[in-house]
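For reference, the structure discussed in these notes is given below.
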Number of protein chains: 2
Amino acid sequence: MKTDNKLSSILHVILHLAEHNQAMTSETLALYLKTNPVVIRRMMAGLRQAGLVVSVKGHGGGWTMAKPLAAISLQDVYQALGAPRLFAQGYRQDAPQCLIEQAVNASLDSAFAEAERQLLQKFNAVNLSDIAADFELRRQQHLLTLEHSAATAPQTKEE
Amino acid sequence: MKTDNKLSSILHVILHLAEHNQAMTSETLALYLKTNPVVIRRMMAGLRQAGLVVSVKGHGGGWTMAKPLAAISLQDVYQALGAPRLFAQGYRQDAPQCLIEQAVNASLDSAFAEAERQLLQKFNAVNLSDIAADFELRRQQHLLTLEHSAATAPQTKEE
DNA sequence: TTTTCATGTAACTCAAAATATTACATGATG
DNA sequence: CATCATGTAATATTTTGAGTTACATGAAAA
């Protein structure tokens, strides 16, 4: 199966948008994903309807965040995307006559339902500001690494 | 995404096989799924390698269970199938340079890893005998329902 | 020993779904 | 009113699970 990448993609995009602090066009945002602006618009359409972002047409238009990152959960974004399928596993028949198949599906259903509950609960517990904070940590770490390599191995650099 | 139905399918098949108590051909088993015998062989190949079933070629050959149902967990079957993908969600890039994308992926990774852990734990806790017992319950219930409808509404039957 | 039946597997086709692209409509700004 | 930007439908591409065909291998029956 081809995986659905919308959630990871749009999170990446809107965190850049939030970082940027002013309207950005679909075309600019598309560069982050190396994709077509229409793909951005399609995903953002859901977020707009959910009130997470705002779009403005015409000159100087584009996308802006409608809420602070701390007020948006992973769950909000996931739902705004139309709650795409989480699991790659399915059943051959949804309502089988065969009692054996019914028993099999019931057993799998219970396992997957439990996992889904937990997953959505986690989505609900994570805000975009948490991810932004993690990004900030990584950025600090990255800067330290750069400084360190500059201090200890400057001779590897070309002049 | 097109779902992977191998787990549900093969469980259905081997529970019928266990029920039957003697060798069954791929062709016969394929009837339960309304599919091609080769599809059965392909899935059963994994179970054979894992020692869950035995295959015999030639006249009077076919498939038989190699272990009692109580000695086989959902996890065993899932692994024998080659541990097909559980989640339909993925990332655009597996090892992104962008620190924002890294933070996004780390966050999603953690959520999905936790859900996967729980799911596999559940798979491990369920034996095929549990599913067979549920089937038996459903069968008893089904028979009662038939009796009941025969007793209360015999006039609806044709002579 | 030869025929028949059954699995084993590679190669190819088919179908469904996510993503990408094209085309054009709508609306806002300069 | 020309340009820029979103909105969205229609179509093409890509990926992957499942189905099909073809043929090899091996065992039992005739």
Side-chain angles (χ1 to χ4, degrees), chain A residues 1-10 12-13 17 22-50 53-64 66 78 81-94, chain B residues 1-10 12-13 17 22-50 53-64 66 78 81-94:
Chain A
M1 151 208 321
K2 197 171 190 175
T3 62
D4 182 322
N5 300 329
K6 288 194 284 291
L7 183 55
S8 133
S9 298
I10 206 66
H12 180 188
V13 161
L17 178 57
Q22 54 181 296
M24 295 177 81
T25 67
S26 305
E27 190 157 4
T28 305
L29 292 173
L31 296 176
Y32 291 117
L33 301 185
K34 298 185 182 32
T35 186
N36 195 295
V38 173
V39 172
I40 299 289
R41 289 193 196 113
R42 220 149 35 197
M43 294 190 286
M44 292 295 265
L47 305 212
R48 176 169 33 78
Q49 288 183 313
V53 296
V54 171
S55 66
V56 173
K57 287 182 174 180
H59 266 289
W63 300 92
T64 41
Y78 171 72
L81 285 173
R85 178 180 269 285
L86 289 173
F87 296 103
Q89 298 286 315
Y91 311 122
R92 266 186 110 76
Q93 288 188 66
D94 283 337
Chain B
M1 159 206 310
K2 199 172 191 175
T3 62
D4 181 322
N5 300 330
K6 288 195 282 293
L7 183 56
S8 133
S9 298
I10 206 66
H12 180 189
V13 161
L17 178 57
Q22 53 181 299
M24 296 178 81
T25 67
S26 304
E27 190 157 5
T28 306
L29 292 173
L31 296 175
Y32 291 117
L33 301 185
K34 300 186 183 30
T35 185
N36 195 295
V38 174
V39 173
I40 299 288
R41 290 194 196 111
R42 224 156 22 201
M43 293 190 287
M44 292 296 263
L47 305 211
R48 176 169 35 76
Q49 289 184 311
V53 297
V54 171
S55 66
V56 173
K57 287 181 171 180
H59 266 290
W63 300 91
T64 43
Y78 170 72
L81 286 173
R85 177 179 269 286
L86 290 172
F87 296 103
Q89 297 287 315
Y91 311 121
R92 264 187 113 77
Q93 288 189 66
D94 283 336

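Chain letters run A, B, ... following the sequence lines, proteins first and then strands; every chain starts at 1. Computed from a prediction, not measured in an experiment: that's the story for all the values here.
When the C1' atom of C:dT21 is taken as reference, atom CG of A:L33 falls 16 Å away, rounded to whole Å. Nucleotide C:dA6 holds its P atom 15 Å from the CG atom of B:L17, rounded to whole Å. When rounded to the nearest whole Å, the span between CE of B:M44 and P of C:dA6 equals 15 Å. In this structure, CH2 of A:W63 is placed 15 Å from C1' of D:dC4, rounded to the nearest angstrom. Atom CG in A:D4 sits roughly 10 Å away from atom C1' in C:dT19 (whole-Å rounding). The interatomic distance linking A:Q49 (CD) with D:dG7 (C1') rounds to 11 Å, in whole Å. Across the protein-nucleic acid pair, B:N36 atom CG and C:dG8 atom C1' stand 14 Å apart, rounded to whole Å. Distance B:Q22 CD to C:dA6 P: 13 Å, rounded to the nearest Å.
Between A:L86 and A:Y78 there is a side-chain heavy-atom pair separated by less than 4.5 Å. Annotation: side chain of A:S55 is not in contact with side chain of A:M44 (no heavy-atom distance under 4.5 Å).
Phosphate contact (OP1/OP2 of D:dG17, side-chain N/O of B:R85, threshold under 4.0 Å): absent. Side-chain nitrogen and oxygen atoms of B:T25 include none within less than 4.0 Å of the OP1 or OP2 phosphate oxygen of C:dA6. Within the structure, a side-chain polar atom (N or O) of A:R41 is placed less than 4.0 Å from OP1 or OP2 of D:dT6. Look at B:R42 and you won't find any side-chain N or O under 4.0 angstrom from OP1 or OP2 of D:dG17. Close to C:dA20, at under 4.0 Å from its OP1 or OP2, lies a side-chain N or O of B:R92. Side-chain nitrogen and oxygen atoms of B:S55 include none within less than 4.0 Å of the OP1 or OP2 phosphate oxygen of C:dT7.
At least one donor-acceptor pair closer than 3.5 Å links the side chain of B:Q89 to the backbone N or O of A:R85.
If you find the closest nucleotide of DNA chain D to B:K6 and to A:R48, the one lying nearer the 5' end belongs to A:R48.
Across all their heavy atoms, B:P84 and B:D4 have their closest contact at CB-OD2, 3.2 Å. Heavy-atom minimum distance, B:A23 versus B:G61: CB-O, 4.0 Å.
Annotation: the span from A:L17 atom CG to A:Q22 atom CD amounts to 10.0 Å, rounded to 0.5 Å. Atom OG of B:S8 and atom CG of B:L33 lie 8.0 Å apart (nearest 0.5 Å). A distance of 5.0 Å separates CE in A:M24 from CG in A:L29, rounded to the nearest 0.5 Å. A distance of 12.5 Å separates CZ of B:R42 from CG of B:L81, quoted to the nearest 0.5 Å.
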I'd like a list of close polar pairs between nucleotides 13-15 of chain C and the protein, N/O only, cut-off under 3.5 Å.
| unit_1 | atom_1 | unit_2 | atom_2 | d |
| --- | --- | --- | --- | --- |
| C:dA15 | N3 | B:K2 | NZ | 3.0 |

Identify each atom pair where a protein N or O and an N or O of nucleotides 28-30 of chain D are less than 3.5 Å apart, giving names and distance.
none

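Residues passing the side-chain hydrogen bond (donor to acceptor under 3.5 Å, both in side chains) test with A:T35: none are found, sequence neighbours excluded.
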